[in-house]
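Here the structure comes first, spelled out in structure tokens, and everything after it is commentary.
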Amino acid sequence: MKPKVFITRKIPAHLLKELQSVCDISIWDHEDTPVPRILLEEKIPDIDGLFCLLTEKIDADLLEKANNLKVVSNMAVGYNNIDVDAATKKGIIVTNTPGVLTETTADLTFALLMATARRIPEASEFLRDGKWNTWSPMLLTGQDIYNSTLGIIGMGRIGEALVRRAKGFNMNILYHNRKRKLDAEEELDIQYCPLDKLLKESDFICIMTPYTEETKNMIRKEHFKLMKDTAILINTARGGIVNEEDLYHALVSNEIWAAGVDVFEQEPVPRNHQLLTLPKVVALPHIGSASIATRIKMANVAVNNLIQALKGEIPDHIVNKEIVNL
Ligand code: NAP
């Protein structure tokens, strides 16, 4: 008998076919609507494998209902939507899709940094609204990127890819992690900093950590007070790492200059969210990894992880490694 798998969103047809050849598939075959929780709860008791996205909350209550589940394959590198401890306790493997989205997410992060510094969305809207009457010395002036200082909090795969882009702009790079990366310091010419020093000295601050108990609310009121009044904060990591209420107040009181945000505490972000009222905020709908090629690669990696786990093999990208004694 083929293992039963539930897929929580439409995936590329060739990958669906590949899965169908080895699994008994049911699918929430929609492009733009997340699977209703109630359907997920109905499916979970019987399935052997789950293919899900970051829009699904795979919490302890849901996992408690699973009788045969062997693997939860998340089509994302971040897995804060999954209660990994609860999965581990039940012997369920959790997998993710690191690596294939690194360069694409670094591209978007740098694009957002540039768009925010040079006020590109605001300038474009200004023109389309018919407000462009004349060239004017200080009209729509922004912040320089070339020769500036970039502080990266979370120097992992995407952080390092961001450094390689920033080097083309002759940026001086500071970083903060829990562990220093001496090899990367040497290879990329970057400097380790305590968080406070990084916040004080950077012109651009990019958040690139995962969302964890430790990073939740990591950037809040007291941190904005340390930043330059010309500083630009970029968050393409996860909502909830930066306190949105405090970010709003830091922007309206001119403690910092602007922010570029791809991720929010609540997604989709409500239309009346206070950050969206500020022209100083460039806001995107969580599109860090959204290139056609990369999304297909991510789906491919997630399918491979799922099949490997269902065959009893060790998946290429396993989050709770302790489960297979790795
Ligand atoms: P990664 O290689 O694991 O890098 C994460 C880095 O964060 C590590 O270097 C880690 O170093 C650091 N870190 C973890 N906890 C920290 C803490 N408490 N304080 C300071 N640094 C900390 O992950 P990645 O592939 O670069 O991805 C990073 C995150 O980006 C993902 O988790 C995901 O949430 C997000 N992401 C978003 C999008 C999007 O669409 N917007 C796309 C892809 C990824 P230490 O362990 O030494 O602290």
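FYI, side chains are in, hydrogens and waters are out, and symmetry mates aren't considered; it's all heavy atoms of this structure. Numbers here simply count residues along the sequence, with the first being 1. Remember, predicted model here, so these are calculated numbers, not experimental data. For ligands, and for the atoms within them, numbers begin at 1 and follow the listed sequence.
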**Request:** Give yes or no for whether the N/O distance cutoff of 3.5 Å, strictly under, is met between Asn80 and ligand 1.
**Result:** no

**Prompt:** Looking only at non-hydrogen atoms, which of Glu213, His176, Arg178, Glu214 approaches atom 17 (C) of ligand 1 most closely?
**Reply:** Arg178

**Message:** Salt bridge check, Lys216 against Glu265: does any charged N sit closer than 4.0 Å to a carboxylate O?
**Reply:** no

**Complete:** atom 33 (C) of ligand 1 has as its nearest protein heavy atom Arg238 NH1, 3.8 Å

**Prompt:** Does even one non-hydrogen atom of Thr212 get within less than 4.0 Å of ligand 1?
**Reply:** no

**Prompt:** For ligand 1, does Met208 get within less than 4.0 Å through its side chain, its backbone, both, or neither, judged by non-hydrogen atoms?
**Reply:** both

**Prompt:** Are any of the N/O atoms in Lys179 less than 3.5 Å from those in ligand 1?
**Reply:** yes

**Prompt:** Can you find an N/O atom of Ile158 closer than 3.5 Å to an N/O atom of ligand 1?
**Reply:** yes

**Prompt:** Pick from Lys228, Lys221, Lys225: which one makes a side chain to side chain donor-acceptor pair (under 3.5 Å) with Glu255?
**Reply:** Lys225

**Complete:** Out of Ile153, Val77, Leu162, the nearest non-hydrogen contact to atom 44 (C) of ligand 1 is supplied by Val77

**Message:** Is there a side-chain hydrogen bond (donor to acceptor under 3.5 Å, both in side chains) between His14 and Glu18? Walk through the geometry before answering.
**Reply:** CA-CA 6 Å; His14 72 281; Glu18 186 183 336; over 6 Å; no

**Prompt:** Using 4.0 Å as the upper bound for N to carboxylate O, is an ion pair formed by Lys131 and Glu125?
**Reply:** no

**Complete:** among protein heavy atoms, the one nearest atom 3 (O) of ligand 1 is Arg157 NH2, 3.6 Å

**Asked** So does Lys57 pair up with Asp83, basic N to acidic O under 4.0 Å?
**Response** no

**Request:** Flag the pair Lys280 and Glu122 as a salt bridge only when some basic side-chain nitrogen lies within less than 4.0 angstrom of an acidic carboxylate oxygen.
**Result:** no

**Prompt:** According to the interplanar angle, ranging from 0 to 90°, do the rings of His273 and Phe264 count as parallel (below 30°), tilted (30 to 60°) or perpendicular (above 60°)?
**Reply:** perpendicular

**Request:** Flag the pair Lys4 and Asp48 as a salt bridge only when some basic side-chain nitrogen lies within less than 4.0 angstrom of an acidic carboxylate oxygen.
**Result:** no

**Asked** Would you say Thr209 and ligand 1 have an N/O pair spaced under 3.5 Å apart?
**Response** no

**Asked** In the protein, what heavy atom is nearest to atom 18 (N) of ligand 1, and what distance, to one decimal place, separates them?
**Response** Thr215 CG2, 3.5 Å

**Message:** Out of Gly154, Pro98, Ala106, who is nearest to atom 12 (C) of ligand 1 when you count heavy atoms only?
**Reply:** Gly154

**Presence of salt bridge, Glu244 and Arg220, under 4.0 angstrom** = no

**Complete:** ligand 1 to Ser289, heavy atom cutoff 4.0 Å, flagged ligand atoms 40 (O)

**Asked** With a 4.0 Å heavy-atom cut-off (strictly under), which part of Met155 contacts ligand 1: side chain, backbone, both or neither?
**Response** backbone

**Asked** Can you list the atoms of ligand 1 that are under 4.0 Å from a heavy atom of His286?
**Response** 39 (C), 40 (O), 41 (N)

**Request:** Quick one: look up the protein heavy atom nearest atom 35 (C) of ligand 1 and list residue, atom name and how far away it is.
**Result:** Ala237 O, 3.5 Å

**Request:** Please determine, by modelled atom types, if Asn172 and Thr149 share a side-chain donor-acceptor pair under 3.5 angstrom.
**Result:** yes

**Request:** Ignoring angles and geometry beyond distance, decide whether Thr236 reaches within less than 3.5 Å of ligand 1 through its nitrogen or oxygen atoms.
**Result:** yes

**Prompt:** Is any NZ, NE, NH1 or NH2 atom of the basic residue among Glu201 and Lys197 found under 4.0 Å from an Asp or Glu carboxylate oxygen of the other?
**Reply:** yes

**Fill in**
the protein heavy atom lying closest to atom 4 (O) of ligand 1 turns out to be Gly156 CA, 3.2 Å

**Message:** Once ring-ring contact (aromatic ring centres under 6.0 Å, His included) is applied, what residue pairs with a partner in residues 45-66 remain, sequence neighbours excluded?
**Reply:** none

**Request:** Report the part of Asn177 (side chain from C-beta onward, or backbone N, CA, C, O) that has a heavy atom under 4.0 Å from ligand 1; answer both or neither where that applies.
**Result:** both

**Prompt:** Which atoms of ligand 1 sit under 4.0 Å from any heavy atom of Thr105?
**Reply:** 38 (C), 42 (C), 43 (C)

**Asked** Should Gly288 be counted as touching ligand 1, given the test is an N or O pair under 3.5 Å?
**Response** yes

**Prompt:** Can we say Glu31 and Arg9 salt-bridge, meaning some charged N sits less than 4.0 Å from an Asp/Glu carboxylate O?
**Reply:** no

